[in-house]
Number of protein chains: 2
Amino acid sequence: MELRQLRYLVTIAETGNLGRAAERLFVSQPALSQTVRALEHELGVRLFDRHPGGVSPTAVGRDVVEAARRTLAAAEGVRAAAARVLRVGFEASGAGDLTSRVRAEFARRHPEARLEPKRYDWGGETAALHAGLVDVAFVWLPADLTGLAHEIVHREPRVVGLPEGHRLAGRAALTVMDVSDEPLMWTERAPREWVDWWAVNPRPDGSAPKWGPTNDNVEEMLDQVADGVAICFGPASMARYYTRPGLVWVPLADAEPLRVALAWPAGSANPLVAAFVAVVRELSRP
Amino acid sequence: MELRQLRYLVTIAETGNLGRAAERLFVSQPALSQTVRALEHELGVRLFDRHPGGVSPTAVGRDVVEAARRTLAAAEGVRAAAARVLRVGFEASGAGDLTSRVRAEFARRHPEARLEPKRYDWGGETAALHAGLVDVAFVWLPADLTGLAHEIVHREPRVVGLPEGHRLAGRAALTVMDVSDEPLMWTERAPREWVDWWAVNPRPDGSAPKWGPTNDNVEEMLDQVADGVAICFGPASMARYYTRPGLVWVPLADAEPLRVALAWPAGSANPLVAAFVAVVRELSRP
DNA sequence: TGCGATCATAAGCGCGGCTTATCGCCCGGC
DNA sequence: GCCGGGCGATAAGCCGCGCTTATGATCGCA
């Protein structure tokens with residue numbers, strides 16, 4: 001078994017078609033035929049069912065492909081270790097100012113290392129951590145942190161994003177009930193719990209939010225808010241980091257503030273992770 | 001980068017010597033010279049310092065080797081997924097009867113799968129979990145379970161192992177203070193916390209145990225107890241699973257019972273793990 | 001100073017994985 | 001009912017890569 005074979009395997013599973021996979025991998029189709037056969041022989045199980053129209057993984061094949069993905073992610077970890085790269089995941093405005101302060105301080109202390117910030121869609125930083133795509137992440141809570149070491153490093157109040165000219169856009173502050181009748185942006189990407197927390201569901205009076213359109217990330221969300229189709233909630237730093245014509249931010253007075261955790265794989269022996277955690281811990285102390 | 005190269009890398013780091021590594025890998029020494037050079041070139045960093053007498057990893061090299069180990073463990077996971085093998089770690093008598101009941105029920109429900117019980121030395125099941133050498137394990141608490149999902153599935157009272165003919169061997173039950181003056185077996189393998197918990201350190205009166213010889217695993221421990229050089233503590237199931245001439249077990253009345261957790265890597269998408277957890281959960285309900 | 005480690009380099013070879021060419025199969029359209 | 005297109009499998013040949021053996025360079029040590 002070699003990484004090359006696992007790379008082929010994953011691509012084949014993704015395309016469901018040897019020809020297209022071959023194209024994407026810049027090899028010929030028979031090379032893949034051969035690789036699949038060799039792997040199936042080595043592992044002693046059929047990995048794909050062949051039919052005219054393509055291939056589809058068997059039950060075992062699905063598990064094997066999943067394990068192959070993990071192995072390839074681990075191999076990327078070898079590259080990252082060699083490059084002294086620390087891959088830091090976050091979403092939207094992350095942990096606000098803390099993020100940039102940490103970056104500066106970390107660069108000062110570890111000039112040999114390189115930070116690689118990776119932005120994800122709503123809730124994506126948690127998945128990236130679990131999949132080994134980042135070494136450490138600023139995670140917006142609530143999130144599933146099982147299997148991850150973590151500590152809360154940042155809190156910030158929430159704000160409401162409104163289209164310019166909205167009847168509430170001039171207010172100095174708003175309450176959740178003030179915006180109860182407004183359609184609220186939400187996402188299918190993040191877990192239910194995350195969505196409910198952001199939407200303050202249920203509302204103080206027990207009612208449910210009025211759900212508006214869905215979106216996958218901050219840009220998409222803000223575009224739609226600026227278009228006037230709905231409003232959104234966000235952390236205060238979002239108002240400082242993202243702006244666009246037609247968008248107005250107003251403090252949300254009575255909602256629980258966002259808590260941001262720094263999280264990393266629990267068993268992580270990566271010394272850069274430890275160094276990064278140390279810096280964040282230090283700078284997050286008020 | 002290929003798995004072959006990572007395998008070589010790890011072996012080289014383990015032997016600290018290209019020649020011996022080559023011997024162990026059944027290749028010639030220049031093949032390793034070449035591989036190291038190729039990897040160093042690909043990753044863009046020096047991985048080993050060469051000196052007459054051998055090679056030693058650089059700072060980056062150490063991290064890379066560690067990452068390589070993880071990758072190889074992940075690759076073993078591919079094999080395990082293909083073989084529908086669930087590698088179950090435990091130490092000594094594991095979770096007692098529960099273990100065999102679970103095995104039977106799991107085999108009944110998943111005839112296509114195969115359980116592969118892996119016995120480890122004291123405290124070793126936790127390390128094996130972290131290293132990806134097993135998919136799931138029965139862990140004797142206390143243990144470092146950060147990064148692992150876990151739940152307590154079993155409890156059992158403790159017993160004292162004594163040499164036959166010992167002055168306390170005939171008693172129906174003993175207290176910790178009864179055996180206070182006896183040299184007690186212990187181990188350097190497991191974390192300090194583990195050792196102290198087993199030794200009931202400090203004793204009810206605040207004193208420390210009288211430390212006897214060390215040992216690495218249950219067989220070694222019981223041999224020495226049977227020889228009369230020391231006594232030992234263990235869970236009740238140890239008295240049922242391990243016996244030998246010259247060894248007597250007596251209940252230990254006043255010590256906290258052993259708690260056994262089922263633990264597995266938190267992000268584990270392996271469906272066999274989920275199935276195993278379900279069976280254990282079910283059978284462990286009283 | 002010479003010997004015995006070590007790793008590096010050089011040269012040649014053989015295998016494995018690639019390529020192109022082709023086949024067999026199934027389906028869908030006419 | 002037949003033909004054509006798309007699929008994966010097979011065959012044959014080639015070529016690069018990673019191995020081997022042989023040798024060199026360097027250092028520590030007696």
Side-chain angles (χ1 to χ4, degrees), chain A residues 1-62 64-65 68 71-72 75 78 82, chain B residues 1-62 64-65 68 71-72 75 78-79:
Chain A
M1 182 165 47
E2 287 300 336
L3 287 176
R4 175 184 50 78
Q5 300 176 299
L6 301 184
R7 281 186 276 265
Y8 288 2
L9 204 66
V10 168
T11 303
I12 291 170
E14 277 172 1
T15 61
N17 178 306
L18 293 199
R20 267 187 291 283
E23 208 171 311
R24 222 207 265 180
L25 291 164
F26 302 106
V27 296
S28 68
Q29 170 261 314
L32 299 189
S33 249
Q34 212 169 304
T35 297
V36 170
R37 184 152 45 94
L39 260 182
E40 287 181 331
H41 184 255
E42 177 177 350
L43 298 175
V45 288
R46 185 162 203 75
L47 297 175
F48 290 98
D49 289 325
R50 282 80 158 168
H51 22 79
V55 297
S56 59
T58 60
V60 175
R62 260 187 296 277
V64 168
V65 167
T71 307
L72 294 175
V78 174
Chain B
M1 183 166 47
E2 285 301 337
L3 287 176
R4 175 184 50 78
Q5 300 176 298
L6 301 183
R7 280 186 277 265
Y8 288 3
L9 204 66
V10 168
T11 304
I12 291 170
E14 277 173 358
T15 60
N17 180 306
L18 295 198
R20 268 188 291 283
E23 208 171 310
R24 220 207 268 179
L25 291 163
F26 302 106
V27 296
S28 68
Q29 170 261 315
L32 299 189
S33 249
Q34 211 169 304
T35 297
V36 170
R37 185 151 45 93
L39 259 183
E40 287 182 329
H41 183 256
E42 177 177 351
L43 298 176
V45 287
R46 186 160 201 76
L47 296 174
F48 290 97
D49 288 325
R50 283 79 158 169
H51 21 78
V55 297
S56 60
T58 62
V60 175
R62 261 187 295 276
V64 168
V65 167
T71 307
L72 294 175
V78 173
R79 286 219 149 69

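Lettering of chains follows the sequences in order, A, B, ..., and the numbering in each one begins at 1.
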Trainee: Might you point out which heavy atoms bring A/E42 and A/M1 nearest each other, and give the distance in Å?
Mentor: OE2-N, 2.9 Å
Trainee: Please identify each residue that fulfils salt bridge (charged side-chain N to carboxylate O under 4.0 Å, His left out) with A/R4, with sequence neighbours left out.
Mentor: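 Expected list: none.
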Trainee: Tell me which of A/A31 and B/G16 sits closer to the 5' end of DNA chain C, going by the nucleotide each one is nearest to.
Mentor: B/G16
Trainee: Do A/Q34 side-chain and D/dA9 base share a donor-acceptor contact under 3.5 Å?
Mentor: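 For A/Q34, whose side chain was compared with the base of D/dA9, there is no donor-acceptor pair (under 3.5 Å).
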Trainee: According to salt bridge (Lys or Arg N to Asp or Glu O under 4.0 Å), does anything in residues 10-21 of chain B pair up with another residue at least two apart or in another chain? List the pairs.
Mentor: B/E14-B/R24, B/E14-B/R69
Trainee: If the cut-off is 4.0 Å, is A/R20 near the phosphate of D/dG6, judged by side-chain N/O to OP1 or OP2?
Mentor: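 No, because none of the side-chain N or O atoms of A/R20 sits under 4.0 Å from OP1 or OP2 of D/dG6.
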Trainee: Could you tell me which non-hydrogen atom of A/G53 sits nearest to which non-hydrogen atom of A/N17, and how far apart they are?
Mentor: O-ND2, 4.2 Å
Trainee: With a cut-off of less than 4.0 Å, is there a side-chain N or O of A/N17 near OP1 or OP2 of D/dG6?
Mentor: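 Looking at the OP1 and OP2 atoms of D/dG6, neither is under 4.0 Å from any side-chain N or O of A/N17.
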Trainee: Answer yes or no: does a side-chain N or O of B/S33 lie under 4.0 Å from OP1 or OP2 of C/dA8?
Mentor: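 Indeed, a polar side-chain atom of B/S33 lies that close.
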Trainee: Hey, is the side chain of A/R4 poking within less than 4.0 Å of OP1 or OP2 on C/dC18, counting only N and O atoms?
Mentor: yes
Trainee: Output the residues of residues 39-55 of chain B in contact with DNA chain C, where contact means a heavy atom of the residue under 4.0 Å from an atom of the strand; sort by number or write none.
Mentor: B/R50, B/G53, B/G54, B/V55
Trainee: Test A/Y8 against every option in A/L39, A/V36, A/L25 by the side chain to side chain contact (heavy atoms under 4.5 Å, CB included) rule and name the one that passes.
Mentor: A/L25
Trainee: Does a salt bridge link B/E2 with B/R7, judged by any charged N lying under 4.0 Å from a carboxylate O?
Mentor: no
